[in-house]
2 protein chains.
Amino acid sequence: MIRVVCKGKLKPGANVEEYLSLARQVVAETRKEQGCKMYTYHQDINDPSIITTIEEWDDEEAIKEHNQSGHVLKIVPKLREMRESTEINLYREV
Amino acid sequence: MIRVVCKGKLKPGANVEEYLSLARQVVAETRKEQGCKMYTYHQDINDPSIITTIEEWDDEEAIKEHNQSGHVLKIVPKLREMRESTEINLYREV
């Protein structure tokens, strides 16, 4: 099992509600993917412009398939355009 | 419910096994805390010097109590001494 943390910092002035509205479309489709065990969006309590997913996947293959899925290819570039930075880490529990 | 991601980057040459051995002592005690729902250590698949906890807590009060606990006050400074950087984010699911 792999956990992914994708931490995004929105650009100054980016509309958080618009961002989350797009994100919810990705969530709805991603949770249908076979290898996806958890896919949740979070907002930082102290900085509302930090929006982070915490994800659980069966394996790296499932993540690769996710990254090539229609919903990711269609929506994620729009999300990325609203962020000034992105950190993605893939983790194994130790 | 609050999720916490604490991402640490170890100093060059720091002993990862020594770090994890100390960390396991914190894990064992922390999981006994009443407000703690999840407390897991992870290692980055692509950079073994990145060690991250993903945590779930009932509320901010539980996190404050954790931060004042004997095991945190005793062991966490030793972990911090082995890291060159630390990012801590508190999140609410959105």
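Just so we're clear, the structure is a prediction, and the values are computed from it rather than from any experiment.
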**OP:** Kindly indicate whether the side chain of B:His42, heavy atoms from C-beta on, has any atom under 4.5 Å from the side chain of A:Glu93.
**Re:** yes

Subject >> Check: A:Glu87 and B:Lys7 side chains under 4.5 Å, non-hydrogen atoms >> reply: yes

Subject >> Connected via hydrophobic side-chain network under 4.5 Å: A:Val4 and A:Val26 >> reply: yes

Original post:
Under a 4.5 Å heavy-atom cut-off, does chain A meet the side chain of B:Leu20, its backbone, both or neither?
Top reply: side chain

Original post:
Under a single-linkage definition using a 4.5 Å side-chain heavy-atom cutoff for Ile, Leu, Val, Met, Phe, Trp and Tyr, are B:Tyr91 and B:Met38 assigned to the same hydrophobic cluster?
Top reply: yes

**OP:** Give, as side chain, backbone, both or neither, the part of A:Arg3 having an atom under 4.5 angstrom from any heavy atom of chain B.
**Re:** side chain

**OP:** Determine, using the 4.5 Å side-chain heavy-atom cutoff (strictly less than), whether B:Ile88 and B:Ile63 are members of one ILVMFWY cluster.
**Re:** yes

Subject >> B:Tyr19-B:Tyr39 co-clustered via ILVMFWY side chain contacts under 4.5 Å >> reply: yes

Original post:
Taking side chain as C-beta onward, heavy atoms only, is A:Glu60 less than 4.5 Å from B:Ile45?
Top reply: yes

**OP:** Flag the one option from A:Val27, A:Ile51, A:Ile50, A:Asn46 with the top tally of heavy-atom pairs under 4.5 Å to chain B.
**Re:** A:Ile50

Subject >> Residue among B:Val94, B:Asn89, B:Thr52 with most heavy-atom pairs under 4.5 Å to chain A >> reply: B:Val94

Original post:
Got B:Ile54 and A:Val5 here, is their nearest side-chain heavy-atom distance under 4.5 Å?
Top reply: yes

**OP:** Might you confirm whether atom NZ of A:Lys11 has over 12 heavy atoms from other residues, nucleotides or ligands at distances under 6.0 Å?
**Re:** yes

